[in-house]
Amino acid sequence: MTSIAQDLSKIVGAAFEAQNLPADLGLVRASDRPDLAQFQCNGAMVAAKQAKKNPREVAQSVVDALSNNDIFSKIEIAGPGFINLNVTDAYLKEYLTTLENFGVEPTDEERQVVLDYGGPNIAKAMHVGHLRAAIIGDSVRRIMSFKGYKTLGDVHMGDWGTHMGMLIGDYMREDEQDIVLNADLKDAATVQSLMEDFAVRYPKASGAAKANSDLMQEARDITVKLQDKEEPYYSIWQKIREVSVEGMKKTYEHLGVEFDLWKGEADVHDYIDPMVDDLKAKNLAYISEGACVIDVAEDGDKKELPPLILKKSDGGVMYGTTDCATIVERVKLYNPVKIVYIVDQRQSLHFEQVFRAIRKAQIVSDNVELTHAGFGTMNGKDGKPFKTREGGVMRLEDLISMAIEKATARLNDANLASEIDEAERADVAYKVAIAAIKFADLQNQRQSDYIFDLDRLTSFEGKTGPYVLYQTVRIKSLLDKAKAQNIVFQDADLIVKEEDRALVLLLGQFPDALTLAIGNYAPHHLCEYIFKLAQAFSSFYGNVHILSEENEALRNSRLLLSQNVAALMEQALKLLGMTVPARM
RNA sequence: GCGCCCGUAGCUCAGUUGGAUAGAGCGCUGGUUUCCGGAACCAGAAGUCAGGGGUUCGAAUCCCUUCGGGCGCACCA
């Protein structure tokens, strides 16, 4: 089973083929003129253009080939050559009652996909800049997994660069490295205080290094020593990393974002030298201005593409080096068919360099997809990269707290508050807050910049996460009531009346929304769909009687339909990383 | 200088890869509760799709150009 449009596309495609026209011209989609028809096919106009024929005549020949099909209640040619189609209610009923897995067919084979959507640096507080990668990547992972791919989400933290040299240098200069070395990581308070120490110390060290070239040089030297695993640098680093990972895991968990792999740049260090030697042996890597580089420019390039630096002149490695080595490791350990990076759009040149280097060295086979699914910058209301009023970045945990606070206040205003005990209320506020944040972010198209608006991220009305949760909760509440009244409707005969039709048609669009979301690594298509479905149900709910319908057969039919909507909503929301509370 | 991205209603954003009358949310105006949850529903006002040219049956979408904004260009990540 597929979507309704896909189902119809096969039939119309066959009709095109019968006229010796390409079957893919028979692509059917939901009509954008619902007042005229449910579905439309534009292929006749394309075919006519190619063959230099009259589009209406082409359409007519296709329509003739379709006319003996009894699933259509209307077949019309309109305008320059649109084929407008309606399906019979019997077809809709058949479609919905034989639906499996919401109409989503699993991908033809189980294939391994590696998704990279983390990237926070250790020893730094996570801020709202990390939000998009986490939310989009996690959703893409859930969606692809639902489709049947084997997915691996990797946090790929930044733990091997000069920022570590700065931080370690500061501890050594102040002779305070014992704070780190002797820390008992099993003690939560110690971990917490170390995190706070990093948060103060790193900006201080970083600022000092930028202002003082001697300190910067010292940081670079320490970084090289660290990368050679010299002591005590390496031990200090290990502890810093362990502490940071604890904090990072807590924040990601709080956000409801999951990873399968908690790896960092340092983990691929041992792959680097063999990789560089290999590139040298292949005459791809060479020494330029003291650094070991690989050319990635190609004939026909419109822009200048600088070479990728594999080793700095001081022997240190850069993030391009570790990114390449990470691909070496991923190929070796997981043999993926796709590696997808959900990383800020501003990194596009970097990824182009890395991917070209990898292709040139034939580290992956040609049929492995390497994609940088970039996302736009998060700007403030002034259109510039987002900063808080104090000029700093907003911590992720602070954002979550603010959203929870607002959700709690909203819940207390509602009539339900008194019936719900403290613990459940906290849980509901949390789920609502996370849904608000995620939906506000995910509904934006991935690659364009977007404005970080706190009010929008913590708003609960209109096109928001809480709205779609609310609609789902309301349906579930209805179904619970039916159950309490011992009404059995699971095997009800589905009756498609005027009011129900839009809802059934919409249910049949879910696989299309999922296909779009997967194809472009773009969960916003799923957001769009979920919101439309929620809106359609809300309208349905307001205009017809469901549980209170007097005609028993119709009541049971509508309960069945409602159950289908609720189940789909809950599943789809899960794919966006949201959980539906029992009530709210 | 070279290159990439963007400009759609007062604000924040969609627009299924060239289709019919460009859609949502917020805000604004007005309405809806003896009946299944009002975080809701219904209706309305609001657009030179930045400007100009081109391609064609047909353009927010493709090409050229002007203006405006963002970003990236070898030893940071």
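On a predicted model such as this, the values are computed, not experimentally measured, just so you know. Within every chain, numbering begins at 1; the chains are lettered A, B, ... in the order of the sequence lines, protein sequences first and strands thereafter.
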A.B. asks: Classify the angle between the aromatic ring planes of A:Tyr202 and A:His163 as parallel (below 30°), tilted (30 to 60°) or perpendicular (above 60°).
C.D. replies: perpendicular

A.B. asks: Regarding A:Asp221 and A:Gln217, do their side chains bring together a donor and an acceptor under 3.5 Å, going by distance alone?
C.D. replies: yes

A.B. asks: Would you say the ring centroid of A:Phe355 lies under 6.0 angstrom from that of A:His372?
C.D. replies: no

A.B. asks: I need the CG-P distance between A:Asp314 and B:rC76, as an integer number of Å.
C.D. replies: 8 Å

A.B. asks: Tell me whether A:Tyr467 is stacked on the nucleobase of B:rA39, counting only the six-membered base ring and applying the 5.5 Å and 30° thresholds.
C.D. replies: no

A.B. asks: Which ones in residues 118-131 of chain A lie close to RNA chain B, meaning a heavy atom under 4.0 Å from one of its atoms?
C.D. replies: A:Asn121

A.B. asks: Syn or anti for B:rU65? Use the chi torsion, O4'-C1'-N9-C4 for purines and O4'-C1'-N1-C2 for pyrimidines, with syn inside 90° of 0.
C.D. replies: anti

A.B. asks: Can you tell me, in whole Å, how much space there is between the P of B:rG7 and that of B:rA50?
C.D. replies: 7 Å

A.B. asks: With no hydrogens and no angle check, just 3.5 Å: does a side-chain donor-acceptor pair link A:His525 and A:Asp512?
C.D. replies: no

A.B. asks: What's touching nucleotides 54-56 of chain B from the protein side, N or O pairs under 3.5 Å?
C.D. replies:
none

A.B. asks: For nucleotides 11-13 of chain B, which of its nitrogen or oxygen atoms have a protein nitrogen or oxygen under 3.5 Å away, and what is each distance?
C.D. replies:
| from | atom 1 | to | atom 2 | distance (Å) |
| --- | --- | --- | --- | --- |
| B:rU12 | O2' | A:Arg456 | NE | 3.3 |
| B:rU12 | O2' | A:Arg456 | NH1 | 3.1 |
| B:rC13 | OP1 | A:Ile451 | N | 2.6 |
| B:rC13 | O3' | A:Asn444 | OD1 | 3.3 |

A.B. asks: Between B:rG37 atom C1' and A:Leu411 atom CG, what is the distance in whole Å?
C.D. replies: 13 Å

A.B. asks: Would you indicate, yes or no, if B:rA40 has its OP1 or OP2 atom less than 4.0 angstrom from a side-chain nitrogen or oxygen of A:Tyr470?
C.D. replies: no

A.B. asks: Run through A:Pro307, A:Pro306, A:Cys324 and flag the one making a side chain to side chain contact (heavy atoms under 4.5 Å, CB included) with A:Gln353.
C.D. replies: A:Pro306

A.B. asks: Using atom CD of A:Glu304 as one end and atom C1' of B:rC4 as the other, report the distance to the nearest whole Å.
C.D. replies: 14 Å

A.B. asks: Does a side-chain N or O from A:Thr162 land closer than 4.0 Å to OP1 or OP2 of B:rA77, or not?
C.D. replies: yes

A.B. asks: Quote, to the nearest angstrom, the P distance that separates B:rA45 from B:rA22.
C.D. replies: 14 Å

A.B. asks: Tell whether A:Asp159 reaches the base of B:rA77 with its side chain through a donor-acceptor pair below 3.5 angstrom.
C.D. replies: no

A.B. asks: Quick one: label A:His524 by what it contacts on the DNA or RNA (base, sugar-phosphate, nothing), any heavy atom closer than 4.0 Å.
C.D. replies: sugar-phosphate

A.B. asks: Write down the protein N/O and nucleotide N/O pairs, taken from nucleotides 42-47 of chain B, whose separation is under 3.5 Å; answer none if there are no such pairs.
C.D. replies:
| from | atom 1 | to | atom 2 | distance (Å) |
| --- | --- | --- | --- | --- |
| B:rC42 | OP1 | A:Ser539 | OG | 2.9 |

A.B. asks: Just N and O in the side chain of A:Arg346: are any of them under 4.0 Å from OP1 or OP2 of B:rA77?
C.D. replies: no

A.B. asks: Given atom CZ of A:Arg474 and atom C1' of B:rG38, what is their separation to the nearest angstrom?
C.D. replies: 8 Å

A.B. asks: Work out how far the C1' atom of B:rA46 is from that of B:rC6, and round it to whole angstrom.
C.D. replies: 25 Å

A.B. asks: When rounded to the nearest Å, what value does the distance between C1' atoms of B:rG10 and B:rG47 take?
C.D. replies: 12 Å

A.B. asks: Between B:rG70 and B:rC76, how far apart are the P atoms? Round to whole Å, please.
C.D. replies: 27 Å

A.B. asks: Considering only the P atoms, how many Å lie between B:rC2 and B:rU16, rounded to the nearest integer?
C.D. replies: 32 Å

A.B. asks: Take the protein atom CD1 of A:Ile309 and the nucleotide atom C1' of B:rA77, then report the distance between them rounded to whole Å.
C.D. replies: 13 Å

A.B. asks: Are there any protein N/O atoms within less than 3.5 Å of an N/O atom in nucleotides 32-35 of chain B, and if so, which ones and at what distance?
C.D. replies:
| from | atom 1 | to | atom 2 | distance (Å) |
| --- | --- | --- | --- | --- |
| B:rC35 | O2 | A:His545 | ND1 | 3.4 |
| B:rC35 | O2 | A:His545 | NE2 | 3.4 |

A.B. asks: Give the dot-bracket string for RNA chain B, reading 5' to 3', where a pair is Watson-Crick or G-U wobble with both distances under 3.5 Å, ( ) marks pairs inside the strand, [ ] marks pairs crossing earlier ones, | marks a partner on another strand, and . marks unpaired.
C.D. replies: (((((((..((((.....[...)))).(((((.......))))).....(((((..]....))))))))))))....

A.B. asks: If the P atom of B:rC73 is compared with that of B:rA40, how far apart are they to the nearest Å?
C.D. replies: 44 Å

A.B. asks: Would you mind reading off the distance between A:Met45 atom CE and B:rG18 atom C1', rounded to a whole angstrom?
C.D. replies: 10 Å

A.B. asks: Please state whether the rings of A:His269 and A:Trp160 are parallel, tilted or perpendicular, taking 30° and 60° as the class boundaries.
C.D. replies: perpendicular

A.B. asks: Determine: side-chain N/O of A:His525 to OP1/OP2 of B:rA14, distance under 4.0 Å, yes or no.
C.D. replies: no

A.B. asks: Pick the C1' atom in B:rA9 and in B:rC5, then give their distance to the nearest Å.
C.D. replies: 24 Å

A.B. asks: In this structure, is the centre-to-centre distance between the rings of A:Phe375 and A:Tyr450 below 6.0 Å?
C.D. replies: no

A.B. asks: Is the distance from the ring center of A:Phe537 to that of A:Phe540 below 6.0 Å?
C.D. replies: yes

A.B. asks: Would you say A:Arg29 reaches B:rU16's phosphate, i.e. side-chain N/O to OP1/OP2 under 4.0 Å?
C.D. replies: no

